[in-house]
Amino acid sequence: MNTREMFKRAVAGGYAIPAFNFNTMEQMQAIVQAAVETKSPVIMQVSKGARNYANAQILRYMAEGAVAYAKELGCEHPEIVLHLDHGDSFELCKDCIDMGFSSVMIDGSHLPYEENIALAKKVVDYAHQFDVTVEAELGVLAGVEDEVSAAESHYTKPEEVIDFSTRTGCDSLAISIGTSHGAHKFTPAQCTLVNGVLVPPPLAFDILHEIEKKLPGFPIVLHGSSSVPMEEVETINKFGGHLEAAIGIPEEQLREASKSAVCKINIDSDSRLAMTAAVRKHLAEHPGDFDPRQYLKPARENMKKMYIHKIVNVLGSDGKLAQC
Ligand code: G3H
Ligand code: 13P
Ligand code: ZN
């Protein structure tokens, strides 16, 4: 399904839909298991990097498999969106639409304003012919990912959002209010030490509220929303890893954002951390194991636990399927 009805209900209901990235079968299985057990709608998203890693056809059929798997797990009416994350060209978006994706993001946020509008509109005009919904982005997030990089952030300007959403016709808008991609969202120098914990500066809720006032009820998306759980970082470091100063977005802030017009929250790094922590721990404790199933099983379980926690305790999308 596309995101239209899903977002309408999420905005009205004061919760957010989880958008989890997947590159591997274990991530896909964990996402589906978590969504079914919590009766949550879910967006499974695929980046350009994921397509390069796993192959576009394989990911597309894995998403079809995800729907069948959810039904097999007992969910008669699963709500699963297959979404392109950070599409960087019309051609990539078109390829995904032609392949059966139900939603795409065109990320022209790094382009000059008028070029961002022109590119997003071109994707919207094509996508809407097939009832595929489109997410566009205004404002630039800081952070570095394989295929997504921006050295510094530029918050979304509320005075531009009406013009941008009207002229592009986009179905949802990703905004920049202080989140960023990856596991190193803030430097320790940017944080305050509270009871031994580094607390980052708060998100720009004033900008979010201004945007909400300009676009009442319009679906807003937050990228870069991993919280980088300290216990996963500690497990990784305890068992041979070396992650320094990994700091994410505090979950209370995401909980607060979920109650607003923010109706899609993107989480990828937390899944990477959960997987890596479990694999490192297992291999360190079982040095003789070499069957990937032995260490990928606890990795899958750890990711599932994390996805359930996000759904139930942070985004509030549990029990929100239209029909069970
Ligand atoms: O926002 C980007 C996502 O975390 C995807 O990252 O491009 O490394 O697959 P990726
Ligand atoms: P994180 O790196 O914070 O998980 O953000 C993921 C994301 O925004 C995917 O588009
Ligand atoms: Zn993103």
Side-chain angles (χ1 to χ4, degrees), residues 16 18-24 27 30-31 43-54 83-88 105 107 109-110 135 137-156 174-191 197-204 221-237 240-254 257 262 264-280 299 302-303 306-307 309-310 314-315:
F20 298 131
N21 289 67
F22 78 107
N23 294 259
T24 72
Q27 282 176 312
I31 293 168
I43 297 171
M44 298 184 52
Q45 51 187 20
V46 165
S47 68
K48 184 175 169 179
R51 283 167 50 108
N52 290 341
Y53 172 76
H83 175 78
L84 168 67
D85 190 26
H86 292 285
D88 61 356
M105 174 191 194
D107 182 357
S109 59
H110 53 286
E135 173 185 329
E137 179 162 337
L138 193 53
V140 181
L141 270 66
V144 179
E145 292 277 334
D146 292 350
E147 298 285 349
V148 187
S149 86
E152 50 183 299
S153 81
H154 299 278
Y155 287 173
T156 305
I175 60 167
S176 171
I177 56 166
T179 62
S180 59
H181 291 107
H184 301 85
K185 301 186 189 300
F186 305 95
T187 63
Q190 291 173 297
C191 302
V197 178
L198 287 170
V199 179
L203 299 179
V221 177
L222 278 193
H223 280 248
S225 297
S226 279
S227 51
V228 188
M230 210 196 301
E231 59 279 13
E232 303 295 9
V233 174
E234 280 171 2
T235 303
I236 288 171
N237 289 341
H242 186 71
L243 283 181
E244 265 187 286
I247 301 169
I249 309 294
E251 288 185 338
E252 313 78 69
Q253 296 195 29
L254 297 169
V262 169
K264 172 175 180 272
I265 290 195
N266 286 13
I267 296 172
D268 187 5
S269 297
D270 282 354
S271 168
R272 297 175 179 189
L273 291 166
M275 185 173 214
T276 301
V279 170
R280 278 194 178 279
N302 205 33
M303 289 188 287
M306 184 276 292
Y307 294 136
H309 166 68
K310 298 289 177 184
V314 185
L315 281 70

K.L.:
Is the backbone N or O of H223 less than 3.5 Å from a side-chain atom of S225, with the two atoms forming a donor-acceptor pair by type?
P.N.:
yes
K.L.:
For the NE2 atom of H83 and the CG atom of N21, what is their distance to the nearest 0.5 Å?
P.N.:
9.0 Å
K.L.:
One pair to check against side chain to side chain contact (heavy atoms under 4.5 Å, CB included): N266 and K264. What are the steps and the verdict?
P.N.:
CA-CA 7 Å; N266 286 13; K264 172 175 180 272; 3.0 Å; yes
K.L.:
Between I247 and Q190, is there a side-chain heavy-atom distance shorter than 4.5 Å?
P.N.:
no
K.L.:
Which heavy-atom pair separates L254 from V314 by the least distance, and what is that distance?
P.N.:
CB-CG1, 3.7 Å
K.L.:
Is a donor on one side and an acceptor on the other found under 3.5 Å between the side chain of E135 and the backbone of V221?
P.N.:
no
K.L.:
S47 side chain to D85 main-chain N or O, any donor-acceptor pair under 3.5 Å?
P.N.:
no
K.L.:
Rounded to the nearest 0.5 Å, what's the gap from CG on D107 to CD on E137? Could you check?
P.N.:
4.5 Å
K.L.:
Kindly give the heavy-atom pair with the smallest separation between S227 and D270, and that separation in Å.
P.N.:
N-OD2, 2.8 Å
K.L.:
Hey, what do you get for NE2 (H309) to CG (L315), rounding to the nearest 0.5 Å?
P.N.:
10.0 Å
K.L.:
For residues L141 and I175, report the shortest heavy-atom separation together with the two atoms involved.
P.N.:
CD1-O, 3.9 Å
K.L.:
Give a yes or no on this: more than 12 heavy atoms of other residues, nucleotides or ligands lie within 6.0 Å of atom CD of E244.
P.N.:
no
K.L.:
Strictly by modelled atom types, are S226 and K185 linked by a side-chain donor-acceptor pair under 3.5 Å?
P.N.:
no
K.L.:
Heavy atoms only: give me the nearest G178-Y155 pair and the separation to one decimal.
P.N.:
N-CE2, 3.4 Å
K.L.:
May I ask you to check whether Y307 and S271 show a side-chain donor-acceptor distance below 3.5 Å?
P.N.:
yes
K.L.:
Is there a donor-acceptor contact under 3.5 Å from the side chain of T156 to the main chain of L138?
P.N.:
yes
K.L.:
With side chains defined as the heavy atoms from C-beta onward, is the minimum distance between H86 and K48 less than 4.5 Å?
P.N.:
no
K.L.:
Using 0.5 Å steps for rounding, measure from the CG atom of D268 to the NE2 atom of H181.
P.N.:
8.5 Å
K.L.:
Using 0.5 Å steps for rounding, measure from the CE atom of M303 to the CD atom of Q27.
P.N.:
5.0 Å
K.L.:
What is the minimum heavy-atom distance between N237 and L243, and which atoms define it?
P.N.:
OD1-N, 2.7 Å
K.L.:
So E232 and M306, do their side chains get closer than 4.5 Å, heavy atoms only?
P.N.:
no
K.L.:
Looking only at non-hydrogen atoms, find the nearest pair between F22 and I31 and report the distance.
P.N.:
CB-CD1, 4.0 Å
K.L.:
Between CD1 of I249 and CG of L203, what distance do you get to the nearest 0.5 Å?
P.N.:
5.0 Å
